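Some notes on the structure that comes next.
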Amino acid sequence: MAEEKKKILEVRNVSTSYTRKSPLGKTKIQHVLHDVSFDLYEGEALGLVGESGSGKTTLARAILGFLPKYEGTITHYSEHPQVVFQDPYTALNPARTIEWILEEPLKILKKYNKEERRARIVDMLKRVGLDESYLDRKPSQLSGGQRQRVSIAAALLMEPRFIVADEPVSALDVTIQAQILKLLAEMKEQFGLSYLFISHDMNVVYQLCDRVIVMRKGNVVEEGEIDQIFEAPKHPYTRELVEASK
Amino acid sequence: MKKLFAKHNNWFFKVGLILTVCMVGIVIIGQFWTPYDPNAMDAAAKAQGPSLKHLLGTDYFGRDIFSRILEGAGATLLIAFFVVLLGAGMGTLIGALTGYFGGVVDEILMRICDALTAFPSVLLALIALAILGPGRLNVIGVLALVFIPSFARIVRAEFSRIKKLNYVSLAKLQGVGHLRIMLRHILPNTLPVLLPAISIGFNNAVLAEASMSFLGVGVSASEVSLGRMLSDSQNYILRGMPWYAIFVGLTIALLILGFSLLGEGLQQED
Ligand SMILES: Nc1ncnc2c1ncn2[C@@H]1O[C@H](COP(=O)(O)OP(=O)(O)OP(=O)(O)O)[C@@H](O)[C@H]1O
Ligand SMILES: [Mg+2]
């Protein structure tokens, strides 16, 4: 990296474990993250890949401040990130309409009047491949993929500098997936947005990300520029992932 | 309303709603118009059975029983309304705060609730009223107080469940304040359990008022209520006029049947 980039997130030696009580009263400790460290810079899309259960969502929750207990330090140098949650079924308030859900963050921003809010919502819905007809619907009347797109719209409407997106496009079919990835890339170019982009799909990561972190069983096994990871993976597990995506 | 109907398209809900609306409607009309003045005595028509002139008959003083039931039911429903309003209101407030914030205050308040609910609430109310003495306001205060724990408990459970869901986390990230999250984001999602509880609350309040007043610790001797009338009507049974007690009892039964069916219907979807 030639020019100096602004660091927006620093994760240092983060470890965490979940404790579970077995029926016999013994507490079992499951280590989920081991000594995870990395940095994220302004305008960068960092991919986080790894098999199911490797601790990706746990790491995201720690960064967002939702993990009650962990060791190590997480420092935000810019404003707090917005998020697209992995589970689209609990990410939207079931008692509210899509319009209400999308308007709420804009009301909090206090930057726009009623008509401007409405215009922005409709515009953003179109950008994620939905339209005005969804405004009056409740989340229960939407498919998983449609819900996921509403979540993405909600995150982007907040005009954040940094988004943590946990498998945002996994539930979508390829055409919509391509459209959303294009939108995320555009937002990145236009506003210098940074992403922590979690995915199990190497191809998707390749389309959006500049750098990749590979996790396995709570450990970072490899980290590198996207081209290096694809062309010369060092760790056997990374090689496996890259092979599988071809 | 339309949505409620679509969501609870079951017979409990329909019958309960119709029964409740009819009963409450008649009672409300009765607050503005009754066939006779409930207190007007007619020496020429004492202790009569049901007739076209007096639908449900008259008492010893020649007062129209139908008119008196309307007046008494109005008083009972008004008491029930304030009991549920205060009980559910305070219970929701306590449950929302403790469920959302948790911590030490939560622990303490929930222990107090546990202690209160360890006694049957009717017994607790009975003792409290026996000490305080009868009277409409005392009944409302005491019943509201014993109703608080059950509402606090269910609202607390809902708040502590919902606060962990992603859409609440999201609202926090969006910078929504705690109060707004509680009122606008979480509270609407507690309605599926809160509405049936309110309906059952009406059922319990009507029943409790009737029992307290029947036992003489409810409303005072100068006040009217269904429980008070039920107590008075006992004297008529032995003298061959059972219909007074039957009609009062039937009114109570229909009121609580409506509320409990409605509560049941609201718990079942479809
Ligand atoms: N709340 C929790 N309590 C106990 N264990 C948990 C909890 N959340 C996650 N785990 C465990 O921690 C491990 C890592 O879970 P995590 O959700 O971070 O994985 P992931 O990499 O996001 O997987 P996926 O790709 O399937 O989403 C798993 O073994 C999981 O069972
Ligand atoms: Mg996950």
Side-chain angles (χ1 to χ4, degrees), chain A residues 57 60-68 76 79-98 100-111 136-141 147-148 150-168, chain B residues 1-9 92 95-96 99-104 106-107 154-198 266-270:
Chain A
T57 297
R61 284 171 50 78
I63 290 167
L64 292 165
F66 297 143
L67 203 63
H76 291 270
E79 63 194 70
H80 214 73
Q82 288 301 309
V83 63
V84 179
F85 284 108
Q86 180 173 11
D87 176 11
Y89 291 91
T90 58
L92 306 177
N93 193 329
R96 297 298 190 175
T97 62
I98 301 306
W100 190 92
I101 290 169
L102 293 178
E103 194 179 5
E104 180 74 353
L106 292 180
K107 280 188 191 151
I108 303 296
L109 276 185
K110 290 201 173 81
K111 262 166 77 175
D136 299 328
R137 297 212 209 165
K138 294 269 178 75
S140 61
Q141 295 164 309
R147 288 177 209 211
Q148 198 64 301
V150 173
S151 294
I152 293 168
L156 291 174
L157 275 171
M158 282 295 283
E159 302 169 18
R161 310 287 305 148
F162 174 22
I163 292 181
V164 174
D166 195 350
E167 307 266 11
Chain B
M1 201 68 224
K2 231 187 222 165
K3 275 182 223 151
L4 270 181
F5 255 113
K7 199 168 161 207
H8 306 283
N9 190 16
T92 301
Y100 186 78
F101 289 111
V104 188
D106 175 35
E107 284 293 317
I154 57 165
V155 172
R156 175 186 175 274
E158 284 296 282
F159 266 73
S160 75
R161 176 181 69 84
I162 295 169
K163 76 170 177 192
K164 296 188 196 103
L165 297 180
N166 283 340
Y167 62 83
V168 175
S169 303
L170 195 69
K172 284 182 190 160
L173 281 184
Q174 291 170 342
V176 185
H178 291 306
L179 189 66
R180 193 176 169 91
I181 289 184
M182 285 194 269
L183 286 177
R184 312 263 292 150
H185 292 249
I186 302 183
L187 193 62
N189 286 291
T190 66
L191 290 183
V193 299
L194 200 52
L195 287 181
I198 285 173
L266 282 167
Q267 278 171 20
Q268 295 182 6
E269 299 197 355
D270 297 313

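Every chain is numbered from 1, with letters handed out A, B, ... down the list of sequences. Since the model is a prediction, treat every value here as computed from it, not as a measurement.
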Among A/N93, A/I108, A/L109, A/I101, which has the most heavy-atom pairs under 4.5 Å with chain B? A/N93
Which answer fits A/L64, side chain, backbone, both or neither, if we ask what part of it has an atom under 4.5 Å from a heavy atom of chain B? both
Positions in residues 186-198 of chain B that reach chain A, provided some heavy atom is under 4.5 Å away: B/P188, B/N189
Taking the side chain as every heavy atom from C-beta outward, state whether A/F85 and B/S169 have any pair of such atoms under 4.5 Å apart. yes
Just to be sure I understand the criterion: a residue of residues 172-182 of chain B counts if one of its heavy atoms is under 4.5 Å from a heavy atom of chain A. Which ones qualify? B/L173, B/Q174, B/G175, B/V176, B/R180
Only pairs of heavy atoms separated by less than 4.5 Å count here; which of A/P160, A/A91, A/P81 has the most with chain B? A/A91
Calculate, to the nearest 0.5 Å, the distance between atoms NE2 and CD belonging to B/H185 and A/E104 respectively. 3.5 Å
With rounding to the nearest 0.5 Å, note down the distance linking CG in B/L170 to OG in A/S151. 7.0 Å
